[in-house]
Novice: 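Encoded as structure tokens, here's the structure I'll be asking about.
Labels below follow one simple rule: chain letters A, B, ... track the order of the sequence lines, proteins then strands, and each chain is numbered from 1.
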There are 2 protein chains.
Amino acid sequence: MGIVRKTKSVKLLLNEFDKNSSAISVITLIERLSLKMNKTTVYRVLDKLEEDKILHSFLGKNGYKWYAKCNGCSVSGHQDAHPHFQCSDCGKVDCLPTNILIPKIPNRKVDISQVLLQGKCDDCYV
Amino acid sequence: MGIVRKTKSVKLLLNEFDKNSSAISVITLIERLSLKMNKTTVYRVLDKLEEDKILHSFLGKNGYKWYAKCNGCSVSGHQDAHPHFQCSDCGKVDCLPTNILIPKIPNRKVDISQVLLQGKCDDCYV
DNA sequence: TTACATTTGCAACCAAGTTGCATTAATGGC
DNA sequence: GCCATTAATGCAACTTGGTTGCAAATGTAA
Ligand SMILES: [Mn+2]
Ligand SMILES: [Mn+2]
Ligand SMILES: [Zn+2]
Ligand SMILES: [Zn+2]
């Protein structure tokens, strides 16, 4: 069961994703909202927002969990299997609209493909 | 500084990778060698073997660390930027010889690309 | 065999994420 | 608006992958 009640915590979290177009790590959210809600609540609300296909999650550079807004996903499934880019300098993470072509792998049935690119973002590129 | 002394721990770990062609998670190695060496030693030796380009590491499904033998890498750098495949049924992980083409990303300089494919392996595919 | 730097074990620690449970608060019916 | 119901929250304790500091052990070159 996803989100049922529009609680203060739900609104606060959605607001973070509205004012910021890039992905946000759970760590950052917990810290940023530490005065407004408990970390357990952050985890639980994000979990439900993902269930509802409002957000999608993925693992960043060190295995930490990140979330970003979905784009054209319905409750029947996530549509946006896009790569993510993390800047090795500033740590910022973005969803890339690019499509990565995964070739057929012999003897294996691929269901999920997770692509994390690392390098320098525009701001950090000298 | 990488491996300097061929200690018992180094030999034991290398032996695990010799008798097994797929990748091995640190968790598995710690458990499998628990009677022979301390988990701290497992982490430290693996670290050095990676420095020496004998092994390479990557993060699996839940952000856990995995290691696999390198293939044609020299101390000057890892050559094998290949995708990894993890079976969602049995959990086994393999290095894929396949090459994934990463398209040019505007406004970003890509240094590392990390691809984790998930699905069913040959053994688990009905 | 000896000397000495490297490696190891151990125990304590760190931090991301989870769980159980009592309390609080959103919501629909009246 | 008020109440009853039940979802959502806070909190504290826990789990666990990974790290650190340091004293003891061990590999190696002379
Ligand atoms: Mn995304
Ligand atoms: Mn590999
Ligand atoms: Zn940057
Ligand atoms: Zn399998």
Novice: Using a strict heavy-atom distance below 4.0 Å, which residues from residues 31-38 of chain A are in contact with DNA chain D?
Specialist: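 Per residue number, the list reads A:K36, A:M37, A:N38.
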
Novice: List the atom pairs, donor and acceptor, that lie under 3.5 Å between side-chain atoms in residues 87-106 of chain B and the rest of the protein, sequence neighbours left out.
Specialist:
from	atom 1	to	atom 2	distance (Å)
B:S88	OG	B:G119	O	3.0
B:D89	OD1	B:K120	NZ	3.3
B:D94	OD2	A:R108	NH2	3.2

Novice: Distance from A:Q114 atom CD to A:I112 atom CD1, nearest 0.5 Å?
Specialist: 8.0 Å

Novice: End-to-end bend of the helix from C:dT1-D:dA30 to C:dC30-D:dG1 (five-pair axes, 10° rounding)?
Specialist: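 Between the axes fitted at each end of the helix from C:dT1-D:dA30 to C:dC30-D:dG1 lies an angle of 30°.
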
Novice: Restricting to side chain to side chain contact (heavy atoms under 4.5 Å, CB included), what partner residues turn up for B:S34, sequence neighbours left out?
Specialist: none

Novice: Please answer: with hydrophobic residues joined when any side-chain heavy atoms are less than 4.5 Å apart, are A:V42 and A:L49 in the same cluster?
Specialist: yes

Novice: Has the side chain of B:Q86 got a donor or acceptor atom that lies under 3.5 Å from a matching backbone atom of B:G60?
Specialist: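 No.
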
Novice: Mind calculating the distance between CG (B:L29) and P (D:dG17) to the nearest angstrom?
Specialist: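 My rounded result for the distance is 13 Å.
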
Novice: Under 3.5 Å, which donor-acceptor pairs link side chains of residues 17-32 of chain B to any protein atom two or more places apart or in another chain?
Specialist:
from	atom 1	to	atom 2	distance (Å)
B:D18	OD1	B:K69	NZ	3.4
B:K19	NZ	B:E16	OE2	3.3
B:N20	OD1	B:S22	N	3.1
B:N20	OD1	B:S22	OG	3.0
B:S25	OG	B:T28	N	3.1
B:S25	OG	B:T28	OG1	2.7
B:R32	NH1	B:E16	OE1	2.7

Novice: Along nucleotides 17-30 of chain C, 5' to 3', which nucleotides get a B, which get an S, and which get a -, given that the test is a protein heavy-atom distance under 4.0 Å?
Specialist: BBBB----BBS---

Novice: Identify whether A:L117 and A:F58 are in the same connected component of the hydrophobic contact network (ILVMFWY, side-chain heavy atoms under 4.5 Å).
Specialist: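 Shared cluster, no.
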
Novice: Does D:dA8 have OP1 or OP2 under 4.0 Å away from a side-chain N or O of A:S9?
Specialist: no

Novice: Applying side-chain contact (heavy atoms from CB on, under 4.5 Å) to B:L14 and B:K6, what does each step give before you reach the verdict?
Specialist: CA-CA 10 Å; B:L14 284 176; B:K6 275 267 176 189; 3.6 Å; yes

Novice: To the nearest Å, how far apart are B:D47 CG and D:dT19 P?
Specialist: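 In whole Å, D:dT19 P and B:D47 CG are 7 Å from each other.
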
Novice: Determine the interplanar angle of the A:H82 and A:H56 rings, folded into 0 to 90°, and report it as parallel if under 30°, tilted if 30 to 60°, perpendicular if over 60°.
Specialist: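 Judged by the thresholds at 30° and 60°, the geometry between A:H82 and A:H56 is perpendicular.
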
Novice: Rounded to whole Å, how long is the line connecting atom NZ of B:K48 with atom P of C:dT6?
Specialist: 9 Å

Novice: Going from NZ on A:K65 to CG on B:N62, what distance comes out if it is rounded to the nearest 0.5 angstrom?
Specialist: 9.5 Å

Novice: Would you kindly give the CD1-to-C1' distance between B:I3 and D:dG27, to the nearest whole Å?
Specialist: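 Rounding to the nearest Å, CD1 of B:I3 and C1' of D:dG27 are 13 Å apart.
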
Novice: Any side-chain to backbone donor/acceptor pair from B:D52 onto B:I54? Under 3.5 Å, distance only.
Specialist: no

Novice: What's the CG-C1' distance between A:L46 and D:dT9, to the nearest Å?
Specialist: 14 Å

